[in-house]
*Asks:* 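Let me begin by handing over the structure; questions about it come next.
Side-chain atoms are counted along with the backbone in the values below, which use heavy atoms only and exclude waters and symmetry mates. Lettering follows sequence order; numbering is per chain, from 1. Quantities reported herein were computed from a predicted structural model and do not represent experimental measurements.
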Protein chains: 2
Amino acid sequence: MKPESRKQEIVNAAAILFKEKGYSAVTMRDLATAMGIKAASLYNHIQSKQEILSTIIIELAEEFTTGMNLIVNSDQSAIRKLENIISLHIDVTLRNADGLASLNNDWMHLEEENLLSFEKMRNDYEENFRQIVRKGVDAKEIKSNNIEIIVFSTLSTLRTLYLWYPKQKNIDAGILKKDMIAVLLQGVV
Amino acid sequence: MKPESRKQEIVNAAAILFKEKGYSAVTMRDLATAMGIKAASLYNHIQSKQEILSTIIIELAEEFTTGMNLIVNSDQSAIRKLENIISLHIDVTLRNADGLASLNNDWMHLEEENLLSFEKMRNDYEENFRQIVRKGVDAKEIKSNNIEIIVFSTLSTLRTLYLWYPKQKNIDAGILKKDMIAVLLQGVV
DNA sequence: TTATCAAACTAACAATTGTTAGTTTTGTTC
DNA sequence: GAACAAAACTAACAATTGTTAGTTTGATAA
């Protein structure tokens, strides 16, 4: 066990609180109480409340961006790429479910460059996703229902994993991936 | 066009703001500015900020509860029931996409009885959903992947419709329902 | 012991929050 | 135009917000 830096401990505690009540509803005093210290003491380790949020979100966004780039540039079928995307989301969710709450619900409270860079990463991510599906349809690997609906429904599910996963007890990552791939790609009927 | 009550206008304006920034980050002065009046004037029409939130959420929750009860008690196949649930979500979303943002993201800021009654409605809703899927699996209508994953993935998509639908231009409700049913039930492969 | 440094503390600030009280404006009805 | 109600206003409040300044504590190294 490598000891976590005090800052990282604060960021982790904040992610849990942000998940429960949202960024705006969590006060620095709430966070300090959760850490067992006074609010002012937090500022020995972090620069601002905003810095906590951006630390949580940007790091996760970069993980997704890196993962997606690897997948997009790989030489695989569209279906395989979709499977890898599902796997990526599950991996990130298992590692940091709390932080994903902020990424999903509080990104709009980012400021300046962080907001812009987040929005760019998210748009690029979605565009990559869309392109994979499009190519899959062209290659007749994927049913040409409505491409936008496929992208939307798959991404909705993957983005909500952070809420659902913690409620499942002792679920194995490998089984989860297999089942999720089956449901999302082969359907339920 | 029936004239909306001033209170309803305020609630509608609030729903839009809550969607953009979340309940906690929207101040009564923000809302007043959006209405073109001063913050204090809002209180001629509403009792509190909290009342606005509960008006938005409880009404929607009751719509879902009513709709779900009709479907559960109907005499149809499990697949048909799932189709009707999809249809229900689309109908509610088309009618009040803004309010659904609060229902999805700000329900935890409800207080007292409203919080309890919301949580009960949501749990009952999910339990009904789960039971329909379970019966469908028993009747061999539905593939027995992982029931929890089916419930989760379908519900995730339906709950996120409020974000996606407004970005689609001039999409016909009937076509949307058909396509959504196809993707969610028959899959994409 | 002494010096050092991270990490806690107390005390306070200026700004913002939801809300109230009391008053004025606006528009409709007799 | 008098009367009335709806809906706006001004002014202020007590509480809470993120944050800063300066100080004390506690452990480690010299």
*Asks:* Among Asp172(B), Ile86(B), Asp91(B), find the one that has a side-chain contact (heavy atoms from CB on, under 4.5 Å) with Lys177(B).
*Replies:*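 For Lys177(B), the side-chain contact (heavy atoms from CB on, under 4.5 Å) test succeeds with only one of Asp172(B), Ile86(B), Asp91(B), which is Asp91(B).
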*Asks:* Inspect the contact between Glu127(B) and Arg122(B) and indicate whether a charged nitrogen and a carboxylate oxygen are less than 4.0 angstrom apart.
*Replies:*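 Looking at Arg122(B) and Glu127(B), the cut-off is not met.
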*Asks:* Can you check each nucleotide of nucleotides 24-29 of chain C against protein heavy atoms at under 4.0 Å and return B for base, S for sugar-phosphate only, - for none, in 5' to 3' order?
*Replies:* ------
*Asks:* Measuring only between side-chain heavy atoms, which start at C-beta, is Val183(A) closer than 4.5 Å to Thr154(B)?
*Replies:*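 No. Closest side-chain heavy atoms not under 4.5 Å.
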*Asks:* Would Asp124(B) and Lys120(B) pass as an ion pair if we require N to O under 4.0 Å?
*Replies:*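 Yes.
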*Asks:* Any side-chain to backbone donor/acceptor pair from Glu141(A) onto Ala78(A)? Under 3.5 Å, distance only.
*Replies:*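 Yes, Glu141(A) side chain to Ala78(A) backbone: donor-acceptor pair under 3.5 Å.
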*Asks:* Taking the basic N atoms (NZ, or NE/NH1/NH2) and the acidic carboxylate oxygens, is any pair closer than 4.0 Å for Arg130(B) and Glu148(B)?
*Replies:*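 Judged by the 4.0 Å cut-off on N to carboxylate O distance, Arg130(B) and Glu148(B) do form a salt bridge.
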*Asks:* Does Lys49(B) come within less than 4.0 Å of Glu111(B), counting only side-chain N to carboxylate O?
*Replies:*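 Answer for the salt bridge query: no.
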*Asks:* Among residues 16-42 of chain B, which ones have heavy-atom contacts with DNA chain D below 4.0 Å?
*Replies:*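 Nucleic-acid contacts, sorted: Arg29(B), Ile37(B), Lys38(B), Ala40(B), Ser41(B).
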*Asks:* Which residues in residues 45-54 of chain A have at least one heavy atom lying under 4.0 Å from any atom of DNA chain D?
*Replies:*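 Residues of residues 45-54 of chain A under 4.0 Å from DNA chain D: Ser48(A), Lys49(A).
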*Asks:* Using a distance-only test with no angle check, is there a side-chain donor-acceptor pair under 3.5 angstrom linking Gln50(A) and Ser48(A)?
*Replies:*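 The answer is no; no qualifying pair exists.
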*Asks:* Could I get a table of every N or O pair under 3.5 Å where one atom is in the protein and the other is in nucleotides 22-27 of chain D?
*Replies:*
none

*Asks:* Suppose the criterion is salt bridge (charged side-chain N to carboxylate O under 4.0 Å, His left out): which pairs have a residue in residues 14-24 of chain A, not counting sequence neighbours?
*Replies:*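 Every salt bridge (charged side-chain N to carboxylate O under 4.0 Å, His left out) pair that includes a residue of residues 14-24 of chain A, provided the two are not neighbours, is Lys19(A)-Asp98(A), Lys21(A)-Asp30(A).
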*Asks:* Please verify the inter-ring angle class for Trp107(A) with Phe118(A); under 30° counts as parallel, over 60° as perpendicular, anything in between as tilted.
*Replies:*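 The rings of Trp107(A) and Phe118(A) lie parallel, inter-plane angle below 30°.
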*Asks:* Write out all pairs satisfying side chain to side chain donor-acceptor pair (under 3.5 Å) with one or both partners inside residues 55-71 of chain B, taking only residues at least two apart or from two chains.
*Replies:*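 Counting only pairs at least two positions apart or across chains, the side chain to side chain donor-acceptor pair (under 3.5 Å) contacts touching residues 55-71 of chain B are Glu63(B)-Arg95(B).
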*Asks:* Can you confirm if the aromatic rings of Tyr125(B) and His89(B) lie within a centre distance of less than 6.0 Å?
*Replies:*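 Yes, ring centres under 6.0 Å apart.
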